[in-house]
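Below: one structure, written as structure tokens.
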Amino acid sequence: MRGPGAVAAERAGAGGDGDREAGVWVDGELDGAFTYTYLEGDFAGTVIAGEQEADSQIGRGVLDYSDATLYAGSRYEGDLSGHYADGYGLWRFEDGSTTYGLWRQDEVQEDESVTMGAGGEILAPGEAVTVANGADAATEQIRQTQELLSALGYHTGLADGVLSQPTLDAVAHFQSDYGLAVTLSVSAALIDQLRVARAARGMAVSPPRDQLELESWGTGFVVSAAGHLLTNHHVVEGCHAMRVRDLGWADVVAFDEDTDLALIALQDGIVPGVVSFRSWPPVNMGEAVVVFGFPQPELLSASGNVTTGVVSALEGGADFDFHQYQFTAPIQGGNSGGPLLDGTGNVIGVVVASYDDLQAANFAVKGEVAMSFLVENGLQPDVISGKAAQSRPTEDVVAEAKRHTFQLECWIETGPAISDGDFASRGDGAIEFGVDDLDQDGLGDWNFDGQCDDPRFIGDDMGNPTYTALVGRDASDCRELHDAGTIRLRQAGEMAGLNFGDDTGDWARDGECDDPSFEGPGMGATDSEEHLLSDASDCRDAFAAGTVRLRDG
């Protein structure tokens, strides 16, 4: 709710002779949603719509250029400063090409941007780079080699199917590092060697699988023949291992928290299909869409679910997020990371979120943003320019989606059971606080956040001591809070030896302990003895956090 002085109004001539501003003013300044329409001059007919804070022209919005201007038919979506593209945004040109990157006063910063032609070709400043759309077998071999080298950390430039000098250098470095003959040639044998090397690397960094516990689910889809899948960052965040159902274990190789995207690579195996992205024509409001994914696999079909709807808005969320589309096809937990498909089966977005309290308010990261993320991480997505005059039957779209879309499993490391000795205090000076290495998985860093996440401790300033793998891995926070007296070392018997049961209860994994063996402020409903020893994960977490305790007697 806006305070005194807020008025809605439309002003003619507010920004220039004959121009029109409409929006909400607070004390004479625009504050919130607004539109600005040029009525005269070189930009007559151009409309700016967005949001900004009072006393500032910085915000987010869109610029729609009229046919009478220098930028006829162009549209910019992103950060604005005044009436300029300024910050991160996406510029779509009339010819179907797009540029995603950093802008300063309508000028793109070339070293921080990606430009794609209408056919999906990657455009370097002033020239096009050859890509592998429709390439022959030899070119596809080169492309697979580039993608595998990139997954192993050898820079090849773009995965464009062209045997460039950076690719030859990467091949030489790989062969030398692994004790192979330096042949500087691309072959099926080299691809097999690269796959073995990637599988070995993935196995080396994954926790022992007998110490893993399934934590959550999501959806991902195949974006390269070398075994890369695209999903959401929040699907892989905090996971110690990722598994692609029906295909095998995978490594997280790249992510972007701002756009909520992540790229994973299969450690081994062959993918049955690769998606195609649509680059042109632009996505329109009212356009029919199909969602295929794996929501709530413990309740719904494990073979996937399909829903249909339409694109309801070209920007997502209350904060005018130009990265996203809004659509009406129903989604639930587990759909995250799946493809948003057009009527012909091409990807136009990545499903990311929904509003629980609103009907048909669901969101997807735009396809152009996803393609830019892939290009920035060394992959060349398969891109289709143009769509069929008529949409395909939904069953045909789904049949194709089943070849490239899979359920993802997030596993966390549990480690061996904690014994009484892990909690026995021998005096403050004898406590081994460990090291600060929680960022070793590359997905999150819980060190130096002012909370202790080591489950050997208990107290008011504890963080999230969810699993035993955190023992001795948050030294600085735990030492500081222990010295301040806001946490203490657990005593023998406070957790060790307790029987938390299993997760067979109806309310398991809902963040509340429902086992009547316990009591405390972290408890949920305990009105049924059926929940006795059937809510293990919730009760173990709540006990470790100090919000429940074992009932007396």
Working to the nearest 0.5 angstrom, can you tell me the gap between S354 OG and N335 CG? 8.5 Å

Any V108 side-chain heavy atom under 4.5 Å of W103 side chain: yes

When you measure from the side chain of T231 to the backbone of T219, do you find a donor-acceptor pair of N or O atoms at a distance under 3.5 Å? yes

Using the side-chain contact (heavy atoms from CB on, under 4.5 Å) rule, take V289 and Y325 through it: C-alpha gap first, then chi angles, then the decisive distance, then the call. CA-CA 11 Å; V289 292; Y325 294 123; over 6 Å; no

For a 4.5 angstrom cut-off between non-hydrogen side-chain atoms, does F373 reach L230? yes

How far apart are the closest heavy atoms of V271 and S224, and which atoms are they? CG2-O, 3.9 Å

Any sub-3.5 Å donor-acceptor pair from R392's side-chain atoms to T344's backbone N or O? yes

If only side-chain N and O atoms count, and only distance matters, is there a donor-acceptor pair under 3.5 Å linking S276 with D382? yes

Would L340 and V291 count as a side-chain contact (heavy atoms from CB on, under 4.5 Å) here? Give the steps. CA-CA 5 Å; L340 181 68; V291 171; 3.7 Å; yes

Minimal non-hydrogen separation, D256 against H233, with atom names: O-CB, 4.1 Å

Scanning both residues in full, the closest heavy-atom pair of V352 with H234 reads O-CE1, 3.3 Å

Evaluate the criterion side-chain contact (heavy atoms from CB on, under 4.5 Å) for residue pair V311 and N284; output intermediate values, then yes/no. CA-CA 7 Å; V311 176; N284 291 312; over 6 Å; no

Roughly how far apart are M371 CE and K366 NZ, rounded to 0.5 Å? 12.0 Å

Can you check whether R245 reaches F406 side chain to side chain, under 4.5 Å on heavy atoms? no

Which distance, rounded to the nearest 0.5 Å, do you find between the CG of L261 and the NE2 of H323? 9.0 Å

Quick one: list whatever passes ring pair (Phe, Tyr, Trp, His ring centres under 6.0 Å) with F294, sequence neighbours left out. F292

Given the rule in the salt bridge (charged side-chain N to carboxylate O under 4.0 Å, His left out) test, do R75 and E368 qualify, once you have shown the distances and angles that lead to the verdict? CA-CA 13 Å; R75 175 184 171 95; E368 296 96 336; over 6 Å; no

Residue set satisfying side chain to side chain donor-acceptor pair (under 3.5 Å) with T308, at least two apart, ordered chain then number -> none

Taking L247's backbone N and O only, do any of them form a donor-acceptor pair with R243's side chain (distance below 3.5 Å, no angle check)? no

Grab the two heavy atoms, one from S312 and one from T328, that are nearest each other, plus how far apart they are. CB-CG2, 3.9 Å

D260 backbone acceptor or donor facing N232 side chain under 3.5 Å: yes

Value for CG (N346) from OG (S279), rounded to nearest 0.5 Å, stands at 9.5 Å

Does any non-hydrogen side-chain atom of V351 lie less than 4.5 Å from one of N362? no

In the structure I gave you, are the side-chain heavy atoms of V222 and V274 within less than 4.5 Å of one another anywhere? yes

Indicate yes or no: at least one non-hydrogen side-chain atom of C410 is less than 4.5 angstrom from one of M242. yes

Under the criterion side-chain contact (heavy atoms from CB on, under 4.5 Å), I'd like the reasoning laid out for V253 against N377: C-alpha separation, chi angles, the key distance, then a yes or no. CA-CA 9 Å; V253 296; N377 287 285; over 6 Å; no

Residues in side chain to side chain donor-acceptor pair (under 3.5 Å) with T99, at least two apart? T115

Less than 4.5 Å apart, any side-chain heavy atom of N305 and any of Q296? no

Quick one: does any side-chain atom of T307 pair with a main-chain N or O of P330 as donor and acceptor, under 3.5 Å? yes

Once you measure the plane-to-plane angle for H404 and F221, does it fall in the parallel (<30°), tilted (30-60°) or perpendicular (>60°) bin? perpendicular

How long is the gap from CG on L263 to CG on D251, to the nearest 0.5 Å? 11.0 Å

Do P381 and V223 make a side-chain contact, defined as non-hydrogen atoms from C-beta onward lying under 4.5 Å apart? no

Value rounded to 0.5 Å, distance of CD in Q326 from CZ in F363: 4.5 Å

Is there a donor-acceptor pair closer than 3.5 Å between any side-chain N or O of D79 and the backbone N or O of D86? no

Closest non-hydrogen contact found for I348 with L341 is CG1-C, 4.4 Å

Considering all heavy atoms, the nearest P339-V347 contact: CB-CG2, 4.0 Å

